[in-house]
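Let me begin by presenting the structure, written as structure tokens, before commenting on it.
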Amino acid sequence: MEIFLKTEEEIQLMREANQLVGKTLAELFKHVIPGISTFQLDKIAEEFIRDHGAIPTFLNFPNPYGDPFPASICTSVNDCVVHGIPSEKQILKEGDIVSIDCGTLLNGFCGDSAYTFCVGEVNEDVKRLLRTTKDSLYKAIEVATAGKKIGDIGYAVQNCCEAEGYGVVRELTGHGIGKEMHEAPTVPNFGRRGNGITLKNGMCIAIEPMITMGERKIGLLPDKWGIATLDHKPAAHFEHTIVVRHGKSEILSSFEEIERLEGEIY
């Protein structure tokens, strides 16, 4: 697949789509409390995205194994790593964690970002998993500059997380992003420094560490969407869309509003 480098005008449109994702996730944070269903979170997200003139890109996204995705966000609770389907029956409870992955299409370009939220008071060991996963994302972004290799990104994530004893999911990756939500190249969370394609100025990619507290082995849930850890231990997922630059790359999505509202939870 061809890799499309973006112009500055296209990058601005990408920035707007991704900033909306950040605002949507921050809006959802206000509602991530014990007793709410993941179905309710989905409805809040869809309304918020549409009210801001965008389309939720996840809704009706095709699935090679089954039915299209039936919701506007992915809500992956505890041992569900990614692609959890919101449900009226799934009620968040004290001590849960939930990864919310969100995508928008605004003015022809896509935004994509994910954040793992704490539901009420969460076990300190789980907070450490979240903190390490988020740290690994920023370490990866630091090295994702023009002239570096895709393998440098994966190495940064893997080195950070495996040093803390966590598992790094191999079967799922980050990706290029632009007019389509998933474009070339694939962006693994493991790898060797200096390996893979060369990162170029204007390349837009989504980096998304998916990290497990126990074994890295995963399986597909019966709904043909959700991916869960086989040992049922918790998993964390954080994602930013960035544009590769010389020297220091730019994060197009944002956690700033979430972190302001969240405070020092972990």
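Across all their heavy atoms, A156 and V143 have their closest contact at CB-CG2, 4.1 Å. Of all non-hydrogen atoms in P234 and L129, the two that sit nearest each other are O-CD2, 3.8 Å. Smallest separation of non-hydrogen atoms from E215 and D231: N-OD2, 2.8 Å. L230 and G219 get closest at one heavy-atom pair: CD2-N, 3.8 Å. For M181 against D112, the heavy-atom pair with the smallest separation is CG-OD2, 4.2 Å. Between C118 and L130, the closest heavy-atom pair is SG-CD2, 3.8 Å.
The closest side-chain heavy-atom distance from R192 to Y155 is not below 4.5 Å. Residues K179 and F109 have side chains in contact (heavy-atom distance under 4.5 Å, counting atoms from C-beta outward). Counting heavy atoms from C-beta outward, V243 and M203 have side chains that stay 4.5 Å or more apart. Side-chain contact between S249 and V244 is present, with heavy atoms from C-beta onward closer than 4.5 Å. Side-chain contact between E250 and I242 is absent, with no heavy-atom pair separated by less than 4.5 Å. Side chains of I153 and I205 form a contact here, defined as non-hydrogen atoms less than 4.5 Å apart. You'll find the side chain of N63 reaches within 4.5 Å of the side chain of K224, heavy atoms only.
The line from OG of S113 to CD of Q19 is 9.5 Å long, rounded to the nearest 0.5 Å. Rounding to the nearest 0.5 Å gives a distance of 11.5 Å between CD1 of I207 and OG1 of T173. Put simply, OG1 on T133 and CZ on R128 are 10.5 Å apart, with the number rounded to the nearest 0.5 Å. Atom CG in L199 sits 7.5 Å away from atom CG in D152 (nearest 0.5 Å). Between atom CZ of residue F238 and atom CG of residue L137 there is a gap of 8.5 Å, rounded to the nearest 0.5 Å. For the atom pair NZ (K23) and OG (S253), the distance works out to 13.0 Å, reported to the nearest 0.5 Å.
With sequence neighbours excluded, the residues satisfying ring-ring contact (aromatic ring centres under 6.0 Å, His included) with H240 are Y138, F255. In this view, A54 and L20, I49, T104, L106 satisfy the side chain to side chain contact (heavy atoms under 4.5 Å, CB included) rule, not counting sequence neighbours. In terms of the salt bridge (Lys or Arg N to Asp or Glu O under 4.0 Å) criterion, residue partners of K43 (sequence neighbours excluded) are, by chain and number, E46. With sequence neighbours excluded, no residue forms a ring-ring contact (aromatic ring centres under 6.0 Å, His included) with F190. With sequence neighbours left out, T198 forms a side chain to side chain contact (heavy atoms under 4.5 Å, CB included) with K149. R170 pairs by the salt bridge (Lys or Arg N to Asp or Glu O under 4.0 Å) definition with E162, not counting sequence neighbours. Looking at residues two or more places apart in sequence or on another chain, you find no salt bridge (Lys or Arg N to Asp or Glu O under 4.0 Å) involving E16. With sequence neighbours left out, the ring-ring contact (aromatic ring centres under 6.0 Å, His included) criterion links H52 to F48.
Residues E27 and T24 bring no donor and acceptor atom of their side chains to less than 3.5 Å of each other. For the residue pair T132 and E164, no side-chain donor N or O sits within less than 3.5 Å of a side-chain acceptor on the partner. Side-chain polar atoms of N18 and T241 form a donor-acceptor pair below 3.5 angstrom.
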request  = For E88 and S37, run side chain to side chain donor-acceptor pair (under 3.5 Å): C-alpha distance rounded to whole Å, both residues' side-chain angles, the deciding distance at 0.1 Å, then the answer.
outcome  = CA-CA 6 Å; E88 291 181 87; S37 73; over 6 Å; no
key: I211/V157 under side chain to side chain contact (heavy atoms under 4.5 Å, CB included): CA gap, chis, key distance, verdict   = CA-CA 9 Å; I211 307 301; V157 172; 4.1 Å; yes
ask   = Which is it for K139 and N159 under the side chain to side chain contact (heavy atoms under 4.5 Å, CB included) test, yes or no, and what are the steps along the way?
value = CA-CA 10 Å; K139 289 180 186 298; N159 191 52; over 6 Å; no
task = Applying side chain to side chain contact (heavy atoms under 4.5 Å, CB included), run through Q158 and N189 and close with a yes or a no.
result = CA-CA 6 Å; Q158 182 179 11; N189 292 307; over 6 Å; no
request  = Please step through side chain to side chain contact (heavy atoms under 4.5 Å, CB included) for the pair M213 and V126, ending with a clear verdict.
outcome  = CA-CA 8 Å; M213 184 172 278; V126 177; 4.0 Å; yes
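With hydrogens and angles disregarded, a donor-acceptor distance shorter than 3.5 Å links the side chain of E183 to the backbone of E180.
Transitive grouping of hydrophobic side chains (ILVMFWY, heavy atoms separated by less than 4.5 Å) keeps F39 and L41 in distinct clusters. Cluster membership check: L252 does not share its hydrophobic cluster with F4, using side-chain heavy-atom separations under 4.5 Å among Ile, Leu, Val, Met, Phe, Trp and Tyr. Side-chain heavy atoms closer than 4.5 Å link hydrophobic residues (I, L, V, M, F, W, Y) into clusters, and following such links, possibly through other members, connects Y115 to V122. No continuous path of ILVMFWY side-chain contacts below 4.5 Å connects I85 to V77, so the two sit in separate hydrophobic clusters. Both I197 and I141 belong to a single network of hydrophobic side chains, linked directly or stepwise wherever heavy atoms of I, L, V, M, F, W or Y lie under 4.5 Å apart.
Cluster note: I218 groups with V81, V82, V169, L172, M210, L220, I227 through ILVMFWY side-chain heavy atoms spaced under 4.5 Å, whether in direct contact or through intervening members.
Identified under the ring pair (Phe, Tyr, Trp, His ring centres under 6.0 Å) test for residues 160-185, with sequence neighbours left out: F61-H182, H175-H182.
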Can you give the donor-acceptor pairs under 3.5 Å from side chains of residues 67-75 to other protein atoms, not counting sequence neighbours?
none

Quick one: side chains of residues 94-102, donor-acceptor pairs under 3.5 Å with protein atoms, not counting sequence neighbours, listed by atom name and distance.
unit_1: E94; atom_1: OE2; unit_2: E121; atom_2: N; d: 2.7
unit_1: D96; atom_1: OD1; unit_2: N78; atom_2: ND2; d: 2.9
unit_1: D96; atom_1: OD1; unit_2: K93; atom_2: NZ; d: 3.2
unit_1: D96; atom_1: OD2; unit_2: K93; atom_2: N; d: 2.9
unit_1: S99; atom_1: OG; unit_2: H237; atom_2: ND1; d: 3.2

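Between K134 and E259 there is a salt bridge, with a side-chain nitrogen of the basic residue lying less than 4.0 Å from a carboxylate oxygen of the acidic one. In this structure, R15 does not pair ionically with E8, as no charged nitrogen and carboxylate oxygen lie closer than 4.0 Å. Salt bridge E47/R50: absent, no basic N to carboxylate O contact under 4.0 Å. Looking at E142 and K248, no side-chain N of the basic residue comes within less than 4.0 Å of a carboxylate O on the acidic one, giving no salt bridge.
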